[in-house]
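Proteins come first, then strands; the chains are lettered A, B, ... in the order of their sequence lines, and each starts at number 1.
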Amino acid sequence: MNWILVLPIILPFAFAAATLQFRKDFRLQQNLSILGALLHFGACIFLLFKVYHNGIVTTQIGNWPAPFGITIAADHLSVIMVAVTGILNLAVMVYSKAEINPNLLKAGYHPLMHILIGGVCGAFLTGDLFNLYVWFEVMLMASFGLLVLGQKKQQFDGGVKYVMINLFSTLLFIAGLGLLYGLTGTLNMADLHLKVQGVTDKGLLTAIAAIFMAAFGIKSGIFPLFFWLPASYHTPPVAISAIFAGLLTKVGVYSMIRMFSLVFTFDIAYTHGLLLIVAVLTMITGVLGAAAFNEFRRILSFHIISQVGYMVMGLALFTPLALKGSVFYILHHMIVKANLFLISGVSRKTGGSFELSKLGGFYRSNGLLAILFFIPAFSLAGFPPLSGFWAKMILIRAALEIQSYTVAATAAAVGLLTLYSMTKIWGEAFWKPKPEIIDAEIDDKGQPASFWMFLPIIALAILTITIGLVPEPFLKMAGQAAHELLNPEIYVKAVLGEL
Amino acid sequence: METILPLLCGTMAAASIYLMLSGNLIRFIFGLVMATNAVNLLIFIAGRISISHPPLIPEHLPVSELPMANALPQALILTAIVIGFALLTFVFILFYRAYQTLGTVDTESMRFAEPVEKEDVSDTKAMEGNGV
């Protein structure tokens with residue numbers, strides 16, 4: 001047993017139990033959560049360095065040999081995802097200290113949050129398909145709870161839709177999984193890679209691939225399947241929607257990358273061709289949807305969809321450069337998007353609303369917030385030298401390299417439209433003078449945001465600038481991840497041993 | 001059995017999708033129950049139906065001499081049933097609370113998270129006014 005591999009999964013569960021024990025003592029609970037997030041962060045970064053130096057790390061749970069037991073495996077892709085999860089967990093836990101009120105604490109905010117993080121890390125690290133399903137369920141259960149925490153009308157409405165579609169997607173997932181087991185007789189992902197090659201009827205496998213594509217597509221919010229996302233992500237408290245925005249759709253994208261690089265690679269022209277069309281449509285609809293709204297978090301929610309399009313595009317092009325771009329994009333996006341949601345929380349706290357029409361004057365009244373918004377917003381739009389620029393540039397170059405000019409043009413145009421939405425928020429909330437609002441519609445009176453809210457935002461903004469100015473080590477990691485994805489035998493060898 | 005079970009499974013899936021799409025939360029729950037069971041049945045069939053012996057190996061032998069049934073699909077279904085049951089309980093409570101708070105089980109009229117734009121509302125009101 002390699003303990004460092006299971007730490008990112010069991011630490012959150014241990015702290016979920018601990019915070020549940022002290023649910024009456026809110027202060028202690030908050031501090032415990034931050035301590036838990038710190039330890040989790042440490043474990044994730046340690047794992048990152050271990051994989052960076054030694055390559056893929058695997059362990060067999062209960063020492064059952066590989067195709068029979070459950071494998072936990074960390075390759076570069078998994079470990080990048082886990083490391084960013086650690087960062088976001090820490091940032092959001094610190095932010096929660098200021099935002100989450102006693103009512104939510106009483107309802108079990110902290111235990112649910114830890115369980116969510118544990119589920120996400122489990123999904124990133126597992127090497128077994130059925131185990132992935134179980135982690136999905138763990139993650140979903142926690143997210144269902146978190147989404148309706150606070151019990152506002154909006155939340156129940158958004159929550160019902162979120163629960164409906166996500167349950168259906170897990171059903172699709174397990175149906176595909178059952179059929180795949182029926183064809184190959186294994187559920188270990190590395191073993192599946194080998195067994196799939198022996199299946200004679202490739203048509204059946206392609207049908208199963210389509211089921212998986214739909215299941216993970218719902219989770220990641222790709223083109224025709226994304227409607228649950230903008231219906232629900234703007235309803236819960238900000239800390240919760242920030243962690244959802246940063247992590248949950250990315251678990252879907254991760255699973256899709258994993259399955260469509262390791263198992264379903266026998267008919268790339270069909271499966272990846274379909275993914276490419278879907279990716280282009282996802283980018284366009286997401287960004288156009290965002291243009292139609294005037295509510296801070298709803299704009300950001302639609303941008304998640306458009307950004308997922310870029311990630312899937314990298315997978316669909318399926319060249320070393322494209323996959324590298326895709327992985328780098330996920331890394332950049334998770335940090336930037338969670339940060340933007342946190343900033344929307346600060347502007348809600350100081351301005352009293354999420355509606356852009358009711359906000360204004362932050363540039364004058366809160367210069368720091370203006371700078372802090374500027375960094376992730378323009379990184380999202382792809383401005384040099386911020387992190388989003390490199391991510392978009394690599395993907396567009398990858399598309400040009402294989403003469404997909406339409407795809408490259410769409411990616412560039414969507415970047416411009418993203419800029420439009422960001423300047424809309426900038427113009428409305430930051431430049432426009434503060435509107436005089438006397439009606440009772442305003443949710444809260446404005447009040448100064450506390451230090452605990454700014455701390456994670458500043459940290460994430462610095463990280464965004466660092467990735468932008470010194471992209472070399474991050475690109476190297478992403479490149480290594482892409483190399484492993486395109487040469488599955490490295491992963492298979494690490495999991496199953498010498499063959 | 002090889003033909004009856006897949007047909008049953010398909011019928012259940014079709015009926016469940018019909019129920020889920022009908023736009024009523026109560027029907028959605030029935031659809032969900034049926035869909036879960038259809039999927040369980042699917043895994044069961046995918047694991048092959050065979051007349052064979054339970055996967056128990058006698059103590060003195062390294063492997064069983066008789067052909068054994070594949071125990072894994074059953075284990076998967078068992079896990080899926082347990083998880084599905086937990087989710088179902090949650091869905092019951094969530095929908096009940098949603099009904100209490102929102103006052104409706106009709107998904108079409110649940111527009112609290114995504115309110116219809118104000119102009120549209122006044123338009124429809126004006127139209128209703130004209131109609132009356």
Just checking Lys152(A): does its NZ atom have more than 12 heavy atoms from other residues, nucleotides or ligands closer to it than 6.0 angstrom? no
Given that the side chain runs from C-beta out, which part of Leu42(B) has a heavy atom under 4.5 Å from chain A: side chain, backbone, both or neither? side chain
Given heavy-atom pairs under 4.5 angstrom as the criterion, report whether the side chain, backbone, both or neither of Ala38(B) touches chain A. neither
Heavy-atom distance under 4.5 Å to chain A: side chain of Leu87(B), backbone, both or neither? both
Max heavy-atom pairs within cutoff under 4.5 Å with chain B, candidates Lys153(A), Gln155(A), His234(A), goes to Lys153(A)
Among Thr101(B), Ile93(B), Leu94(B), the one residue meeting side-chain contact (heavy atoms from CB on, under 4.5 Å) with Val148(A): Leu94(B)
If you count heavy-atom pairs within less than 4.5 Å of chain A, which of Arg48(B), Met20(B), Glu114(B) leads? Glu114(B)
Taking atom CD of Glu108(B) as the centre, does the number of heavy atoms from other residues, nucleotides or ligands within less than 6.0 Å exceed 12? no
Atom OH of Tyr99(B): over 12 foreign heavy atoms under 6.0 Å: no
Given the options Ala98(B), Gly47(B), Ala86(B), which has more heavy-atom pairs under 4.5 Å with chain A than any of the others? Ala98(B)
Run Val91(B) and Phe144(A) through side-chain contact (heavy atoms from CB on, under 4.5 Å) and show every step you take. CA-CA 9 Å; Val91(B) 169; Phe144(A) 291 163; 5.8 Å; no
Enclosure of Lys202(A) NZ (heavy-atom neighbours >12, cutoff 6.0 Å): yes
Go through the atoms of Tyr181(A) and report whether side chain, backbone, both or neither lie under 4.5 Å from a heavy atom of chain B. side chain
Contact part of Leu177(A) toward chain B, heavy-atom cut-off under 4.5 Å: side chain, backbone, both or neither? side chain
Answer with side chain, backbone, both or neither: which region of Leu172(A) has an atom nearer than 4.5 Å to a non-hydrogen atom of chain B? neither
Counting heavy-atom pairs under 4.5 Å to chain A, which of Leu76(B), Ile43(B), Ile83(B) comes out on top? Leu76(B)
Whatever's closer than 4.5 Å to a heavy atom in chain B on Val160(A) counts as both
When rounded to the nearest 0.5 angstrom, what is the spacing between CZ in Phe28(B) and CE in Met164(A)? 5.0 Å
Structural part of Arg97(B) lying under 4.5 Å from a heavy atom of chain A: both
Tell me if the aromatic rings of Phe112(B) and Phe156(A) count as close, with their centers under 6.0 Å from one another. no
Can you tell me which portion of Asn40(B) sits under 4.5 Å from chain A's heavy atoms? Options are side chain, backbone, both or neither. neither
Chain B shares the most heavy-atom pairs under 4.5 Å, among Thr235(A), Val138(A), Leu167(A), with Leu167(A)
Tell me the closest heavy-atom pair linking Ala46(B) and Gly178(A), and the distance in Å. CB-O, 3.3 Å
For the CD atom of Gln154(A) and the CZ atom of Arg111(B), what is their distance to the nearest 0.5 Å? 12.5 Å
Tell me whether Lys161(A) contacts the main-chain N or O of Thr107(B) through its side chain, where contact means a donor paired with an acceptor under 3.5 Å. no
